[in-house]
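Written out below as structure tokens is the structure these notes cover.
Just so it is clear, the model here is predicted, and its values are computed rather than measured.
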Amino acid sequence: FVLATSAAATPFGPAKTKNAAKAKYMNKLVRGAKPTKRSQLGRKLDGADEDYIPDISTYSLKFEQCQFVKAYDDEMADNEDGGTVLATKRFVLFKLCPTDSESCSYNYGEYLIDMETYLEAYVEYVQEQQEEFCNTCDEACEQEEEAEEEEEDGGRRLDDANQYANYDCSCVETCEAIENMEENGYMDATEFLECQAIVDDDDGQLFAGPYCSGGEKIKIGVFSDENCMYIDSGKSVDDYLVDGDGVAIKLSYGLLKETYNADAPVSCLVVEEEDENANDDEDENEPEIVELCEQLYEEAAKCEKIHGFDNEYADYAEYENQYAQEETVCDFISAVKSGTYTETGDINIYGGSSTMAGASGATGGQKFFLTVFILSTVGLAVYAAMLHTQLTKGDKADLSKQGGAMA
């Protein structure tokens, strides 16, 4: 294994620099937005901006829940040797809550996104924050050390000239632990965001990948298949990890924990560093959205209107598609939150073979067909929305290429 060199729990602050990289993850769920009360439902807007993103700078992104769901899958159905038509889908629920509000009970949005996209975006964000944190720590503490040395040599300590005067340099220890993770016998858990083999010998194979623990945490577990669908809860990843010298190593969850820390929501407003030479032009007053919020908002299926989410979608080209699918999305999110599914993604029929009081028992076959019926219906609805979005994008891309060739 290639040992990671950056992961530890650190006091990350809000983003302070502009990240201009465009969203790089494909749409995997319904995307779009809804019309506001001032919009005309069903009206197609001429000249709508395809790249327009509603202003979510006054909101903060907050992890809510993760959930495995076993749903109908075309590839599994086509595989005659698969033994099942259900594949394990991994989802994360998150909210956009008003930053200036103590509660998140109204004027918020609720969103569903696949776990892979969520983790890739969130881990990249936290890694950037961690790097910025340690760079600032190094610079500040070097200046502090130089100032102390000058004072010891009889010079005058000029704190006014040191922008990091009285900086808390306890951060040095944290950053050194991150840098020396390999030497300390640890490996970053984010190395297993994708399913990968950890045992491959004559006795068989085992794989490691992320799983949802109790709906509240995302951990790395041991799976018996290459798609990380069937978890073996009796095994621990730490029991199978060794370095190049055969010495046992353990996973560090410092970085991964930040992705599901509901007590530390991420403000979607980029806080720019003060620039004394900046001109007071109109651009300065335009809020900039943190790329993490922008990425996840674009990719996620949205449930907003029932929560009074207050935003302006009049310029968003594909809001009609979102509005048409929103009821289905809200129903599915409600089912996930209500405990419809077990931790492994199966339909939860209140234990064993019984249903609610007074109802008849359910056999294993009945559970299976009930699962297929319910989830295939939801899966087809979501797939139809995805297909619509992809076809729309494809047509626009083709027209763009043709226009460029003609030019």
Listed partners of [X] passing side chain to side chain donor-acceptor pair (under 3.5 Å), at least two apart:
X    : result
K337 : E64, E110
D200 : Q205
K235 : D232

TODO: Please lay out, stage by stage, how T99 and T58 fare under the test side chain to side chain contact (heavy atoms under 4.5 Å, CB included).
DONE: CA-CA 6 Å; T99 302; T58 59; 5.5 Å; no
Side-chain donor or acceptor of [X] paired with backbone N/O of [Y] under 3.5 Å:
X    : Y    : result
D243 : G185 : no
D346 : T342 : no
D225 : N227 : yes
T136 : E132 : yes
N180 : E183 : no
D245 : V247 : no

Separation of [Y] [atom2] from [X] [atom1] (nearest 0.5 Å):
X    : Y    : atom1 : atom2 : result
S103 : Y108 : OG    : OH    : 10.0 Å
K62  : C97  : NZ    : SG    : 5.5 Å
Q325 : F332 : CD    : CZ    : 13.5 Å
I249 : N184 : CD1   : CG    : 12.0 Å
Q130 : I178 : CD    : CD1   : 3.5 Å
E291 : E128 : CD    : CD    : 7.0 Å

Check whether any side-chain heavy atom of [X] lies under 4.5 Å from a side-chain heavy atom of [Y], and answer yes or no.
X    : Y    : answer
K89  : D114 : no
N348 : T340 : no
F192 : L241 : yes
Y341 : F68  : no
L93  : C66  : no
M229 : F223 : no
F133 : C175 : yes
I220 : Y253 : yes

Task: Partner set under salt bridge (charged side-chain N to carboxylate O under 4.0 Å, His left out) for K217, not counting sequence neighbours - done: none
Taking every non-hydrogen atom, the tightest pair across [X] and [Y]:
X    : Y    : answer
C268 : I56  : CB-O, 3.3 Å
S57  : P287 : OG-CB, 3.5 Å
P98  : N107 : CG-O, 3.2 Å
E304 : G109 : CG-CA, 4.2 Å
V222 : I198 : CG2-CD1, 4.2 Å
Q65  : F63  : C-CZ, 3.6 Å

Task: Cys pair C141, C169: SG separation below 2.5 Å - done: yes
Task: SG(C171) to SG(C134) below 2.5 Å - done: no
Task: Any residue meeting side chain to side chain contact (heavy atoms under 4.5 Å, CB included) with A264, in chain and number order, not counting sequence neighbours - done: N261
Task: Those residues that, when tested against T259, pass side chain to side chain contact (heavy atoms under 4.5 Å, CB included) (two or more places apart) - done: Y118, L119, Y122, V123, I218, L256
Task: Evaluation steps, ring pair (Phe, Tyr, Trp, His ring centres under 6.0 Å), between Y59 and Y297 - done: CA-CA 11 Å; Y59 290 84; Y297 184 85; 9.1 Å; no
Task: Step-by-step side chain to side chain contact (heavy atoms under 4.5 Å, CB included) determination, E120 to E194 - done: CA-CA 10 Å; E120 286 180 354; E194 296 183 2; 4.0 Å; yes
